[in-house]
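Contents: one structure, followed by commentary.
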Amino acid sequence: MADYPVAIVPDWVSYASIAVAALSLVCSVVLGVYNRAVAKAALEISRRQEARRESRLDLYVNDTAQWRCSERDRLLGVNLQVANPTDRETSVTRAELHLTYAIEGRLAAVKVLSSDQSPIELGSSGLEVLSLPLRLAANEARSGWFLFFIPQALIAGREVDRYDVVLRDLHEIEQSLQVTIFREAQHESRA
């Protein structure tokens, strides 16, 4: 058999190759962790952008008032700021006031639609009554009054426990807000 010469590798070459392999492993791990963090941030941005495209309304109460139409009938008004915080246009298509009260120990709710026509003369009271449909551009807000006529026969002398303003938009998304206090206001013929 023939003897082949054996190449002797110095010890430092073995250690150097181990060091290069360890350095490349550390670089790969660091780069992988960095890429994971970047991917998570990109996913979060994408989720936020998608959420801004979903239909939504934000409601804020500026003021409330009630006017006596007759001895027992009332006109309730809610001054709302309606905001569209999304990147899509929408329209408010329905505004209701839900009255909750008890009938023989059971809770009942009555829905009253808003009207841009008042049964009484509000005159020069400076009310900007919003009419439906209320168009809202992307990231736009509008303020104004929603009026609800409440005839006495509707609640039949019962004490109303809760008032909720409910707005529905073009995409059938509902947003509600509880209203608690209605200040007594005077209309033109009584002033």
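Closest of all the heavy-atom pairs between R142 and L134 is NH1-CD1, 3.3 Å. The two residues W67 and A185 have their closest heavy-atom pair at NE1-CB, 3.2 Å. In terms of heavy-atom proximity, F148 sits nearest to S114 at CE2-CB, 3.4 Å. Contact record, A138 with D87: CB-C, 3.6 Å, taken as the closest heavy-atom pair. The two atoms that bring L154 and Y101 nearest to each other are O-OH, 3.3 Å, heavy atoms only. For the residue pair V166 and S176, the shortest heavy atom distance occurs at CG2-CB, 3.7 Å.
The hydrophobic cluster containing V38, built from Ile/Leu/Val/Met/Phe/Trp/Tyr side-chain heavy atoms closer than 4.5 Å, also comprises Y34. Grouped by direct or indirect side-chain proximity (heavy atoms under 4.5 Å, Ile/Leu/Val/Met/Phe/Trp/Tyr only), V26 sits with V30.
F149 places a side-chain heavy atom less than 4.5 Å from the side chain of C69. Residues L177 and D164 form no side-chain contact, since every pair of their non-hydrogen atoms from C-beta on lies 4.5 Å or further apart. Within the 4.5 Å cutoff, side-chain heavy atoms of Y163 are placed close to those of L76. Side-chain contact check for V112 versus I150: some heavy-atom pair is nearer than 4.5 Å. Within the 4.5 Å cutoff, the side chain of F146 has no heavy atoms near those of the L113 side chain.
At least one donor-acceptor pair under 3.5 Å links the side chain of N84 to the backbone N or O of R88. With S46 contributing its side chain and A42 its backbone, the two residues share no donor-acceptor pair below 3.5 Å.
Annotation: salt bridge (charged side-chain N to carboxylate O under 4.0 Å, His left out) contacts of D58 (sequence neighbours excluded): R56. Scored by the salt bridge (charged side-chain N to carboxylate O under 4.0 Å, His left out) test, E44 finds R48 as partners (sequence neighbours excluded). Residues passing the side-chain hydrogen bond (donor to acceptor under 3.5 Å, both in side chains) test with E89 are R135, sequence neighbours excluded. The side-chain contact (heavy atoms from CB on, under 4.5 Å) check on N62 picks up N79, Q81, S143, with sequence neighbours excluded. With sequence neighbours left out, I18 forms a side-chain contact (heavy atoms from CB on, under 4.5 Å) with no residue at all. Residues that satisfy the salt bridge (charged side-chain N to carboxylate O under 4.0 Å, His left out) test with R183, not counting sequence neighbours, are D63. Under the salt bridge (charged side-chain N to carboxylate O under 4.0 Å, His left out) criterion, E174 pairs with R168, sequence neighbours left out.
Pairs passing the salt bridge (charged side-chain N to carboxylate O under 4.0 Å, His left out) check and including a residue from residues 146-161, sequence neighbours excluded, do not occur. Within the structure, ring pair (Phe, Tyr, Trp, His ring centres under 6.0 Å) contacts touching residues 74-100 (residues at least two apart or in different chains) do not occur. Residues in residues 96-119 take part in these salt bridge (charged side-chain N to carboxylate O under 4.0 Å, His left out) pairs, two or more places apart or across chains: R94-E96.
By the neighbour-count criterion of 12 heavy atoms within 6.0 Å, atom CG of L25 is densely surrounded, having more than that number from other residues, nucleotides or ligands.
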